[in-house]
Amino acid sequence: MRLALLLNAIDPSIGGVVLCGKRGTGKSTMARALTTLFPPITGIADCPYFCDPATFQWMCATCLLRIERGEQIPLATRPVPFVKLPL
């Protein structure tokens, strides 16, 4: 489990990891601990999508318009989110 999570953190093109096991084996604990190893994400503070200011091709239309106008863009950082999908 540890090797699979670390390899996926190094090379995201692997596509993810599915953790299966009995209750109490530490699946969620291992996955949550991995998120602390990643650096925080930088994005546009007042954007509902938290657009990345470095990648224009992935920005929403509102953020692109603000940049074209030359507005001051407030930046913020957030920790990497942990997303738990229900079965």
Side-chain angles (χ1 to χ4, degrees):
M1 177 179 7
R2 183 179 71 167
L3 179 61
L5 289 170
L6 287 174
L7 287 175
N8 196 60
I10 293 168
D11 185 10
S13 68
I14 291 172
V17 176
V18 175
L19 302 177
C20 299
K22 294 181 180 180
R23 275 179 61 182
T25 57
K27 300 177 297 291
S28 295
T29 304
M30 287 285 284
R32 280 190 189 96
L34 185 68
T35 62
T36 62
L37 298 177
F38 293 112
I41 301 170
T42 301
I44 297 176
D46 53 356
C47 175
Y49 306 108
F50 203 65
C51 289
D52 183 5
T55 55
F56 296 109
Q57 68 268 24
W58 297 109
M59 281 188 184
C60 67
T62 305
C63 290
L64 281 174
L65 186 62
R66 290 174 64 188
I67 289 175
E68 287 176 4
R69 289 182 189 160
E71 292 181 23
Q72 183 69 21
I73 306 294
L75 299 179
T77 58
R78 293 182 185 170
V80 175
F82 178 76
V83 180
K84 187 175 179 181
L85 301 175
L87 293 177

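Worth saying up front: this structure is predicted, and the values here are computed from it rather than measured. Only this structure's heavy atoms are used, side chains among them; waters, hydrogens and symmetry mates stay out.
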Can you tell me how far apart [atom1] ([X]) and [atom2] ([Y]) are? Round to the nearest 0.5 Å.
| X | Y | atom1 | atom2 | result |
| --- | --- | --- | --- | --- |
| Glu68 | Leu64 | CD | CG | 6.5 Å |
| Met1 | Leu6 | CE | CG | 11.5 Å |
| Leu65 | Cys60 | CG | SG | 10.0 Å |

Determine the minimum heavy-atom distance between [X] and [Y], stating which atoms define it.
| X | Y | answer |
| --- | --- | --- |
| Pro40 | Thr77 | CB-CB, 4.2 Å |
| Ala31 | Leu19 | CB-CD1, 4.3 Å |
| Pro79 | Ile41 | O-CD1, 4.5 Å |
| Pro12 | Ile10 | CD-O, 3.6 Å |
| Phe50 | Ile44 | CD1-O, 3.5 Å |

Check the hydrophobic clustering (I, L, V, M, F, W, Y; side-chain heavy atoms under 4.5 Å; chains of links allowed) and say if [X] and [Y] are grouped together.
| X | Y | result |
| --- | --- | --- |
| Ile14 | Val18 | no |
| Ile67 | Leu75 | yes |
| Val80 | Val17 | yes |

Item to complete: Kindly check if the number of other-residue, nucleotide or ligand heavy atoms within 6.0 Å of CD (Gln72) is above 12?
Response: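 Check fails, neighbour count at 12 or below.
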Side-chain contact, heavy-atom cut-off 4.5 Å: [X] with [Y]?
| X | Y | answer |
| --- | --- | --- |
| Met30 | Leu34 | no |
| Ile73 | Pro53 | no |
| Thr62 | Pro48 | no |

Worksheet entry | Listed once per pair and sorted, the salt bridge (charged side-chain N to carboxylate O under 4.0 Å, His left out) pairs that draw on residues 27-45, sequence neighbours left out | none
Worksheet item: What pairs of residues pass the side-chain hydrogen bond (donor to acceptor under 3.5 Å, both in side chains) test when at least one of them lies in residues 39-50, not counting sequence neighbours?
Response: Asp46-Arg66
